[in-house]
J.: 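I'd like to ask some things about the structure below.
A quick note: this is a predicted structure, and the numbers were derived from the prediction, not measured. As the structure lists them, so they are numbered: ligands from 1, and atoms in each ligand from 1. Note: hydrogens, waters and symmetry copies are ignored here, and every other heavy atom, side chains too, is used.
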Amino acid sequence: MIVVLKPHVTEAELATVIKMVEERDYRAHVIRGVERTVVACVGEERGDHQLGHLESLTFVERVMPVLRSFKLAAREVRPEGSRVKVNGVEIGGKRLTVIAGPCAVESKEQVEGAAEAVKKAGAHLLRGGAFKPRTSPYAFQGMEDEGLRLLEAAGRKVGLPVVTEIMDPHDIDLVVEHADMLQVGARNAQNFSLLRRLGRIKKPVLLKRGMSTKIEEFLMAAEYILSEGNPNVILCERGIRTFETATRNTLDLNAVPLLKEWTHLPVIVDPSHGTGIWSLVTPMALAAVAAGADGLLIEVHPNPAAARSDGPQQLKPERFSELMKSLAPLAAAVGRSL
Ligand code: PEP
Ligand code: MN
C-alpha cells in the first residue's frame with residue numbers, strides 16, 4: 001500500500017500516519033519526493049485493504065495498493081525517479097553516469113593507469129574487482145584486501161569515487177571502508193542473505209541482473225535491499241543467458257525501457273559483460289543510451305591482451321576515449337548530458 005500525503009504535510013502529521021500504519025503491522029518507509037511525501041507500507045500480504053481508514057485524515061490525499069510483487073521498488077512510489085549519490089556523483093539525473101575501469105585490480109601500475117585513462121576520457125566513477133567471482137576455482141580470484149586498497153588509492157589520486165564487488169557478507173565492513181559503492185555481481189543477484197545485509201549499510205549498491213533472472217525477480221532482489229532500509233540501489237543490466245553462443249551473453253535492452261516503466265530506481269547497462277567482445281561494446285553502449293539507460297559500466301584495461309580476467313571484452317584506453325566522444329552527440333539527442 002502507499003499513502004500519498006498532501007503537499008506541505010507537517011512532521012507531526014507524518015508521524016501520525018506512521019503510527020497508524022504501524023498499528024496495522026505494516027512497516028512504514030517514508031519516501032520524500034520533490035513534490036510530495038509518500039509512505040510506502042510493506043508487510044505480509046493479507047489481501048484485504050487494511051489502511052483505507054487513513055483516507056479520512058485531512059492531510060492524506062489517497063491510499064492506494066501497489067499491485068506488483070515488488071513494492072518499494074515500484075515506480076508508483078516515486079514517479080519522478082530516484083537519484084542516487086555516490087560520494088557526490090549523482091546517478092539517475094539528466095547527466096549520464098559512466099563507470100569505467102578494469103575487470104580486476106591486478107597491480108598498482110595497472111589500476112593507476114586505468115584510473116588516469118578513464119578520468120581523462122571523462123568517466124565519472126572508477127571500477128575494479130578485488131574479490132572476483134570466477135567460474136573456475138583455479139582462475140585468478142582477485143587481489144582481495146590489497147586490491148581494495150590499490151583501487152581506493154587510484155580513485156583518490158584522480159578524483160573518482162570507486163565501485164567494487166562484494167561477494168561474501170563477512171567482507172562487507174572491509175569493503176565499505178574502501179569503496180564508495182558496492183557491486184553485487186550476476187552470480188550473487190539472488191543471494192538473499194547478502195542482499196539483506198547490504199540493506200543495512202548506508203553506501204549505495206550496484207545490483208547486477210543475474211544471468212537467468214527475470215525482470216520481476218531482479219526487482220524482487222532490489223526489494224530485499226530496499227526493505228531493510230537502504231534506498232540507494234542502482235540496477236545494472238549485464239546480459240542474460242540465451243541459446244546464442246556467438247556472444248558471451250545476450251544484452252537484454254528490452255529490460256531498460258521496461259525497468260524504467262516498472263521502477264523508479266536508476267538503470268545502467270554493462271555492454272562489456274553483455275557482449276563479451278570488445279568490438280561490440282561501443283555500438284551496444286550507444287544503443288543502451290538510446291533505450292533510456294541512466295549510465296554505462298565499461299571495462300577498460302591499459303593492456304587487455306595481458307588482462308588476468310575478461311581480456312576479450314576490455315577496451316584499450318584509446319577506444320574508451322573514442323566511445324566517450326561518440327556518446328556525447330547521442331546523449332544530447334536523447335535529452336541527456338555527459
Ligand atoms: C564484473 O563486473 O567484473 C563481473 C564479474 O560482472 P558480472 O557479475 O555481471 O558477471
Ligand atoms: Mn569482468
J.: Please list every donor-acceptor pair under 3.5 Å in which a side-chain atom of residues 57-67 meets a protein atom from a residue at least two apart or in another chain.
T.:
from: Glu61; atom 1: OE1; to: Arg36; atom 2: NH1; distance (Å): 2.8
from: Glu61; atom 1: OE2; to: Arg36; atom 2: NH1; distance (Å): 3.3

J.: Write out the residue and atom name of the closest protein heavy atom to atom 2 (O) of ligand 1, then the distance separating them to 0.1 Å.
T.: Arg127 NH1, 2.7 Å

J.: Check whether any N or O atom of Gln183, backbone or side chain, sits under 3.5 Å from an N or O atom of ligand 1, and answer yes or no.
T.: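 Yes - when backbone and side-chain N and O of Gln183 are compared with those of ligand 1, one distance drops under 3.5 Å.
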
J.: So which atom in His264 and which in Leu72 form the shortest heavy-atom distance, rounded to 0.1 Å?
T.: NE2-O, 2.7 Å

J.: What's the shortest distance from atom 6 (O) of ligand 1 to any protein heavy atom, and which residue and atom give it?
T.: Lys208 NZ, 2.9 Å

J.: So, do Glu80 and Glu35 sit near enough that their side-chain heavy atoms are less than 4.5 Å apart?
T.: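 With C-beta onward as the side chain, the pair stays apart.
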
J.: Show which atoms of ligand 1 fall inside a sub-4.0 Å distance from at least one heavy-atom site of Ala186.
T.: 7 (P), 8 (O), 9 (O)

J.: For the NZ atom on Lys6, are there more than 12 heavy atoms of other groups (residues, nucleotides or ligands in this structure) within a distance under 6.0 Å?
T.: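 For Lys6, atom NZ is crowded (more than 12 foreign heavy atoms under 6.0 Å).
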
J.: Could you tell me which N, O or S atom of Asp310 is nearest to the Mn ion (ligand 2)?
T.: OD2

J.: Do Glu318 and Phe320 come within less than 4.5 Å of each other through their side chains, counting heavy atoms only?
T.: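 They are not in contact (no side-chain heavy atoms under 4.5 Å apart), so the answer is no.
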
J.: Can you confirm whether Lys316 is buried at NZ, in the sense that more than 12 heavy atoms of other residues, nucleotides or ligands lie under 6.0 Å from that atom?
T.: no

J.: Does atom CZ of Arg308 have more than 12 heavy-atom neighbours from other groups under 6.0 Å away?
T.: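 Incorrect, the count does not exceed 12.
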
J.: Less than 3.5 Å between some nitrogen or oxygen of Arg248 and one of ligand 1, yes or no?
T.: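 By distance alone, the answer is no.
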
J.: Whether the Asn249 and Thr247 side chains hold a donor-acceptor pair (N or O, under 3.5 Å, no angle test) is what I'd like checked.
T.: no

J.: Among the N/O/S atoms of Glu299, select the one at the shortest distance from the Mn ion (ligand 2) and name it.
T.: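 Of the nitrogen, oxygen and sulfur atoms in Glu299, the Mn ion (ligand 2) lies nearest to OE2.
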
J.: Would you call Glu299 a ligand 1 contact, heavy-atom distance under 4.0 Å?
T.: yes

J.: With heavy-atom distances below 4.0 Å as the criterion, list the atoms of ligand 1 near Cys103.
T.: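 Heavy-atom distances to Cys103 below 4.0 Å select 3 (O).
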
J.: For atom 4 (C) of ligand 1, what is the closest protein heavy atom, and at what distance to 0.1 Å?
T.: His273 NE2, 3.4 Å

J.: Give the atom numbers and elements of ligand 1 that come within less than 4.0 Å of a heavy atom of Arg238.
T.: 7 (P), 9 (O), 10 (O)

J.: Quick test: of every protein heavy atom, which one is nearest to atom 5 (C) of ligand 1, and how far off is it to 0.1 Å?
T.: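 Residue, atom and distance for the closest contact: Glu165 OE1, 3.8 Å.
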
J.: Which atoms of ligand 1 sit under 4.0 Å from any heavy atom of Gly185?
T.: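 Counting from 1, the qualifying ligand atoms are 8 (O).
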
J.: Report yes if some heavy atom in the side chain of Leu259 is under 4.5 Å from a heavy atom in the side chain of Ile215; otherwise report no.
T.: yes

